[in-house]
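Structure, as structure tokens:
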Protein chains: 4
Amino acid sequence: MSTPQARRGNTRQRIQDVALELFAEHGYEKTSLREIAERLDVTKAALYYHFKTKEDIVISLFQDLVRPIDELITWAQEQPRTLETKREVMRRYSESLNGCAPLFRFMQENQATVRDLSIGETFKRRMYDLFELLNEPDAELRDQVRCITALFSMHAGMFILQKLHGDPEDKRKAVLEVATELVTAANPPSRRPARPDSAQTAAP
Amino acid sequence: MSTPQARRGNTRQRIQDVALELFAEHGYEKTSLREIAERLDVTKAALYYHFKTKEDIVISLFQDLVRPIDELITWAQEQPRTLETKREVMRRYSESLNGCAPLFRFMQENQATVRDLSIGETFKRRMYDLFELLNEPDAELRDQVRCITALFSMHAGMFILQKLHGDPEDKRKAVLEVATELVTAANPPSRRPARPDSAQTAAP
Amino acid sequence: MSTPQARRGNTRQRIQDVALELFAEHGYEKTSLREIAERLDVTKAALYYHFKTKEDIVISLFQDLVRPIDELITWAQEQPRTLETKREVMRRYSESLNGCAPLFRFMQENQATVRDLSIGETFKRRMYDLFELLNEPDAELRDQVRCITALFSMHAGMFILQKLHGDPEDKRKAVLEVATELVTAANPPSRRPARPDSAQTAAP
Amino acid sequence: MSTPQARRGNTRQRIQDVALELFAEHGYEKTSLREIAERLDVTKAALYYHFKTKEDIVISLFQDLVRPIDELITWAQEQPRTLETKREVMRRYSESLNGCAPLFRFMQENQATVRDLSIGETFKRRMYDLFELLNEPDAELRDQVRCITALFSMHAGMFILQKLHGDPEDKRKAVLEVATELVTAANPPSRRPARPDSAQTAAP
DNA sequence: GATGAATGAGTCTTCATTCAT
DNA sequence: CATGAATGAAGACTCATTCAT
């Protein structure tokens with residue numbers, strides 16, 4: 001696996017893996033390309049064969065992440081805006097996040113940096129789309145806060161809970177439950193769309 | 001205020017102000033001492049008269065912040081562990097945070113950096129103390145998540161909600177309410193200490 | 001002279017001197033800041049204390065050069081457009097060039113580079129101003145060529161003739177004579193301003 | 001012409017064309033092989049199939065240029081050293097230059113670079129040969145300057161006059177005329193070889 | 001209290017070049 | 001004929017830090 005021959009052809013992938021690991025661990029700015037290169041046992045110049053700039057590495061990481069979320073958003077926008085849909089969005093979102101925990105940890109812990117990177121705006125847009133899917137347009141301020149907290153707690157949840165003992169999967173589910181409760185509370189029956197039967201068709 | 005005479009003697013304070021502003025805006029690593037010095041119209045060397053290192057500036061900022069929170073923790077540990085105490089902790093914490101929003105924004109958005117700084121450990125300790133004040137020792141996982149989410153939403157709340165329109169004070173109250181609800185839900189009547197006097201023995 | 005104390009305070013000047021020497025010798029691109037720093041026995045960073053960028057060094061060199069030429073142009077524009085004025089312009093220009101021969105050699109031999117630098121445009125402008133001072137507005141193409149050749153031969157003259165033996169001052173005068181002849185030929189009596197008496201007031 | 005098939009077999013030529021274009025535009029040092037390769041839509045490695053080094057490309061360009069000039073020199077050295085021969089040399093030289101204007105522009109504007117390249121010396125030799133053909137061995141300094149100026153103005157003429165309006169061919173002729181006048185003036189009747197047959201013994 | 005001048009270590013990035021395929 | 005992958009050397013530039021004055 002670590003012979004030069006075996007590494008052929010997957011260097012790009014290996015760069016992404018190591019970079020993500022280091023970015024998540026020490027932050028984007030404090031991770032130098034020298035460090036990444038050394039850990040891969042290649043030269044810095046090799047990185048530049050695969051990525052035009054340091055930022056480009058982050059962008060490539062982000063693009064792999066954003067796809068499932070984009071699909072989720074697209075799917076949700078075609079569903080009826082029922083509570084059940086919202087719950088399903090939360091479920092699916094939780095799973096998406098689970099698949100790219102390190103990247104989300106990186107984004108969470110390097111927000112100041114990410115904001116200056118070109119992906120910052122894209123990321124914000126996604127968050128806002130999700131918020132709008134959970135939130136009713138004319139919701140009270142308190143309910144808006146509930147929705148945002150729900151989203152945010154799922155982002156942060158994963159690694160904030162790391163020091164708590166317990167099975168990671170159990171923790172994920174606990175976070176999902178609490179977050180779903182918040183969304184549910186933010187969508188009281190009185191404010192839900194009139195005909196409840198549309199709800200039946202919600203999730204597949 | 002901005003004449004050379006008026007600036008005499010409060011340079012230290014002015015450095016802290018500008019540094020915090022820039023750290024919060026662009027992150028710790030991307031803010032150089034040159035930038036800070038230029039904005040203050042002094043030389044970099046002048047910064048070194050007031051602070052031993054760059055990290056020292058952050059530490060000094062942090063110390064001003066941590067005091068009210070330390071006091072809050074000390075006070076709370078002497079109170080009975082009732083739900084009402086927990087609610088009061090939330091109220092007071094919300095106000096403390098309000099007083100140092102930019103610093104918290106900085107800590108929130110530069111976690112990867114802060115972790116490597118000497119303040120990282122101190123900060124984590126405070127968070128854990130607060131968590132223990134809100135959480136019952138043998139609480140279910142879900143209730144632990146509620147407490148952590150409650151704390152976290154108050155940290156993040158302030159600047160995450162910036163794009164929502166509305167009076168900042170209204171937003172703060174909304175966040176406080178939602179967070180307090182989470183804490184309340186995490187402390188169901190059945191689990192609250194049966195005899196309030198047992199609370200006396202709670203804190204060490 | 002070369003003790004650290006003696007060097008204090010004139011580092012900026014020394015950088016300019018060495019830089020000009022190396023730029024003229026090997027070209028702008030092939031002269032690295034490392035080279036300049038090493039020859040001065042300072043670090044590269046020291047150069048950056050005195051100049052913001054590599055280009056900045058060239059700009060500073062150029063500004064010292066351009067001043068006497070600007071003055072010459074200003075002076076000439078206030079004189080009557082007689083042949084005698086033009087001859088005086090050539091005389092003065094030759095002396096100006098003599099004072100900054102290495103810089104002109106640099107500009108002459110690195111035109112492709114200079115063009116991309118910010119000084120390129122400024123320089124071209126000066127050349128055009130000088131051309132207009134020597135040339136009559138509606139001159140024939142051949143006379144225009146004469147003027148341009150006159151100017152150009154003075155620029156190039158100095159270092160092209162280096163391999164010819166003879167006293168440098170003699171060579172400079174020879175170039176000036178030939179160039180002046182070209183200008184004279186480009187301003188035939190028939191085309192000179194009508195009233196010859198205005199010519200009397202020409203040179204101071 | 002630009003289909004892959006049509007490009008077969010003339011890649012070498014295409015490299016030369018693009019390289020010359022870029023060298024003339026931005027200079028030798030600032031033109032990277034990557035740039036050349038990209039514009040040709042081949043890889044850098046492909047360039048190395050056709051040329052051993054970057055300098056090799058310049059050398060190959062130069063060799064194509066130098067042949068007609070070598071022929072001109074050889075021819076001229078066999079002619080009698082009369083003024084008429086010299087005039088003919090100028091005429092032919094002007095035409096040669098016309099055929100390779102971009103290369104000459106490159107050499108003119110990158111002298112500092114060319115000097116360090118292996119072609120530098122070769123080029124200088126040719127220039128000196130030409131000078132000797134135009135100049136009488138024991139000419140006065142002023143006449144030597146005339147000859148050099150004549151040569152030089154023809155080199156520089158082409159692109160210096162670019163901003164002047166007028167037909168390029170007209171400009172070329174104007175330059176040739178002025179340059180020829182300079183050569184004529186440098187060869188006054190009094191100094192011309194008395195008996196034309198003495199010309200046979202001129203060149204070594 | 002503060003500055004002017006400098007440093008050493010490090011940053012990201014680019015380049016000409018090589019070579020197995 | 002040409003490429004994909006990589007290298008080593010070097011480039012310009014920035015940073016936190018120091019210290020004599």
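Lettering follows sequence order; numbering is per chain, from 1. The figures that follow rest on heavy atoms only: side chains count, while hydrogens, waters and symmetry mates do not. Keep in mind that what you see is a predicted model, and the values were worked out from it rather than measured.
Applying the 4.0 Å criterion to OP1 and OP2 of F:dA6, one finds that A:Thr11 has a side-chain N or O inside that range. Residue A:Arg34 places none of its side-chain N or O atoms closer than 4.0 Å to OP1 or OP2 of E:dG10.
Residues in residues 48-61 of chain D take part in no salt bridge (Lys or Arg N to Asp or Glu O under 4.0 Å) pair, two or more places apart or across chains. Sorted by first and then second residue, the ring pair (Phe, Tyr, Trp, His ring centres under 6.0 Å) pairs with a member in residues 24-50 of chain A read A:Phe23-A:Tyr28; sequence neighbours excluded.
Where DNA chain F pairs in unbroken runs of 3 or more (Watson-Crick or G-U, both distances under 3.5 Å), the stems are E:2-21 with F:2-21.
Annotation: salt bridge (Lys or Arg N to Asp or Glu O under 4.0 Å) contacts of A:Asp116 (sequence neighbours excluded): B:Lys30. Among residues two or more places apart in sequence or in another chain, the salt bridge (Lys or Arg N to Asp or Glu O under 4.0 Å) test is passed with A:Glu35 by none. Residues meeting the side-chain hydrogen bond (donor to acceptor under 3.5 Å, both in side chains) test with B:Arg125, sequence neighbours left out: B:Asp129. Partners of A:Arg12 under the salt bridge (Lys or Arg N to Asp or Glu O under 4.0 Å) rule, at least two apart in sequence or in another chain, do not exist in this structure. Judged as a salt bridge (Lys or Arg N to Asp or Glu O under 4.0 Å), and not counting sequence neighbours, the contacts of C:Glu38 are C:Arg34. The side-chain hydrogen bond (donor to acceptor under 3.5 Å, both in side chains) search around D:Glu29 returns D:Thr113, not counting sequence neighbours.
Within residues 53-61 of chain D, no residue is approached by DNA chain F to less than 4.0 Å at the level of any non-hydrogen atom. Within residues 44-51 of chain B, the residues having any heavy atom under 4.0 Å from DNA chain F are, by residue number, B:Lys44, B:Ala45, B:Tyr48. Contacts between residues 25-33 of chain D and DNA chain E, counted as heavy-atom distances below 4.0 Å, involve D:Thr31, D:Ser32, D:Leu33.
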